[in-house]
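Lettering of chains follows the sequences in order, A, B, ..., and the numbering in each one begins at 1.
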Protein chains: 2
Amino acid sequence: MQTIVKEPTTRNAINTFHAILEAAEDLFYKNGYHKTTVNNITSQAGIAAGTFYLYFPSKLSLYKHLLIQMSHDIRREIASKIADKTTRFEKEREGIKAFINLVRRRPHMYNIIWESLYIDRELFRDYYASFAKRYVRGLDQSVQQGEIRALDTEVVSYVLMGITNFIGLKVVLNLGDKNDDVDRIVDVVMDLIRHGLFITDAPKP
Amino acid sequence: MQTIVKEPTTRNAINTFHAILEAAEDLFYKNGYHKTTVNNITSQAGIAAGTFYLYFPSKLSLYKHLLIQMSHDIRREIASKIADKTTRFEKEREGIKAFINLVRRRPHMYNIIWESLYIDRELFRDYYASFAKRYVRGLDQSVQQGEIRALDTEVVSYVLMGITNFIGLKVVLNLGDKNDDVDRIVDVVMDLIRHGLFITDAPKP
DNA sequence: ATCAAATATGAATACCCATTCATTTTATGA
DNA sequence: TCATAAAATGAATGGGTATTCATATTTGAT
């Protein structure tokens with residue numbers, strides 16, 4: 001299934017195309033995919049209902065287009081923020097921070113990505129499977145370089161994704177402490193990742 | 001909003017009531033809330049469409065009923081599995097294991113709980129906020145008893161929920177390694193929680 | 001200025017689905 | 001056995017919405 005009819009070329013067409021994307025992002029976030037009608041989207045975008053179908057073959061294709069775009073945005077954002085970091089620890093910290101700041105700026109992303117589980121399960125699976133795959137590559141490298149312990153990196157990748165996602169959830173949904181400061185939270189998380197949760201007497205192996 | 005019309009009393013009524021719940025659980029899991037019609041549910045339950053409304057005032061109320069029931073089931077299951085454990089470490093391990101085994105047995109739970117984010121956001125918030133609150137109580141106690149380090153227990157609770165949920169997701173959706181063994185995965189997770197991810201030379205404080 | 005292609009319009013279409021209700025069947029207790 | 005209540009039926013209703021299409025406008029090249 002193609003996600004768009006064709007790339008718009010003229011100035012006006014580009015504006016219309018982006019107006020649709022912007023309205024959809026906003027409405028999908030506020031009301032969810034199912035409660036958002038194509039008419040809601042077109043009227044918020046300031047265009048006629050029929051115009052929508054000049055750009056997208058269906059409502060679902062628009063959703064997929066947004067999801068794919070966002071998954072790229074997330075990867076690019078994280079990659080750019082950790083590119084110049086040299087240690088795995090710093091990469092991890094900046095990666096988490098980048099993700100949280102991104103979803104805080106654009107809380108739409110959260111909703112849209114998770115909602116895929118209910119719109120197209122394969123899309124959801126693919127999203128996390130491919131994210132994990134990349135993560136594992138980075139972790140394996142760090143194991144080789146002796147920076148992190150030799151654990152099952154696939155499991156570790158899901159642990160780290162879980163941490164990042166739920167901390168993001170807390171921040172985006174304003175769960176718990178209302179005065180959350182991203183840096184402070186990330187410090188706590190990194191402390192956990194570095195030292196573990198428990199008090200032990202024995203030195204580390 | 002009440003979730004059911006009234007508790008059924010006679011034998012047949014109880015059967016019908018449970019047939020509806022079972023069919024709904026199955027169909028919401030397979031196709032999601034929005035793609036499941038009341039007719040789908042009643043025909044899979046082997047009853048007429050109208051009968052549905054003798055038990056539930058609306059489709060949404062059935063969903064809420066399932067969600068509330070499941071959140072109780074999860075808490076009860078975890079509580080019963082950790083009741084006799086004495087150390088925080090064991091409680092944590094058995095809690096994670098109980099959760100994963102439960103969602104593996106009834107993968108419906110996963111979908112239904114997360115889908116609440118798109119059906120009724122307050123429901124979703126309440127679910128995790130109250131889960132976190134309980135978690136924090138337990139963690140605070142363990143901090144007092146010197147079993148775990150004195151970190152922000154609210155942040156820690158989201159970290160632990162995130163880990164558990166994403167490991168559960170991996171298992172339920174069969175992401176990555178297809179021969180996942182729950183005990184082995186939980187061992188990796190607990191190792192992480194105990195020692196952290198990184199190799200450090202200094203002994204623990 | 002002219003024309004063809006690209007864009008845009010919005011009312012009409014066609015389908016879907018939650019819920020209702022008049023009617024029938026089944027259970028219960030006197 | 002009969003009367004009453006409880007449970008069940010399923011066709012009909014009504015509201016909603018994704019998509020289409022005949023028509024109109026705008027754009028850009030010649």
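Taking 4.0 angstrom as the limit, A:T16 places none of its side-chain polar atoms (N or O) nearer than this to OP1 or OP2 of C:dT7. Note on A:T9: a side-chain N or O is less than 4.0 Å away from OP1 or OP2 of C:dT7.
Proximity note for B:A49 (side chain, C-beta onward) versus D:dA18, C:dA18, D:dG10: the nearest is D:dG10.
In this structure, B:I14 places its CD1 atom 13 Å from C1' of D:dA7, rounding to the nearest Å. Atom OH of B:Y55 and atom P of C:dT19 are 18 Å apart (whole Å). Rounded to whole Å, atom P of C:dA6 lies 18 Å from atom CZ of A:F17. In this structure, B:N40 atom CG and C:dA18 atom P are separated by 8 Å, rounded to whole Å. In this structure, the CD1 atom of B:I20 is 14 Å from the C1' atom of C:dA18, given to the nearest Å. When the P atom of C:dT9 is taken as reference, atom CG of A:N39 falls 12 Å away, rounded to whole Å. If you measure from atom CG of B:L60 to atom C1' of C:dT19, you get 14 Å, rounded to the nearest angstrom. Look at CG on B:L54: it is 14 Å from P on C:dT19, rounded to the nearest Å.
Environment of CD in B:E22: sparse, with no more than 12 heavy atoms of neighbouring residues, nucleotides or ligands closer than 6.0 Å. Residue-environment remark: CZ (B:R75) exceeds the threshold of 12 foreign heavy atoms within 6.0 Å.
Relative to the ring axis of A:Y29, B:R121 places its NZ or CZ within 45° and under 6.0 Å from the centre. Note that A:K59 lies in the cation-pi zone of A:Y33, set by a 6.0 Å cut-off to the ring centre and a 45° limit from the axis.
The aromatic rings of B:F17 and B:Y55 sit tilted relative to each other, their planes meeting at an angle between 30° and 60°. Using the six-membered ring where Trp is involved, A:F166 and B:W114 have ring planes that are tilted, between 30° and 60° apart.
Rounded to the nearest 0.5 angstrom, B:L66 CG and B:Y63 OH are separated by 8.5 Å.
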Between the protein and nucleotides 21-30 of chain C, list the N/O to N/O atom pairs that are separated by less than 3.5 angstrom.
from	atom 1	to	atom 2	distance (Å)
C:dA27	OP1	B:N12	ND2	3.3

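Across all strands, B:T36 comes closer than 4.0 Å only to sugar-phosphate atoms, never to a base (heavy-atom distances). Among the heavy atoms of the strands lying under 4.0 Å from B:K6 are primed sugar atoms or P, OP1, OP2 only; no base atom is included.
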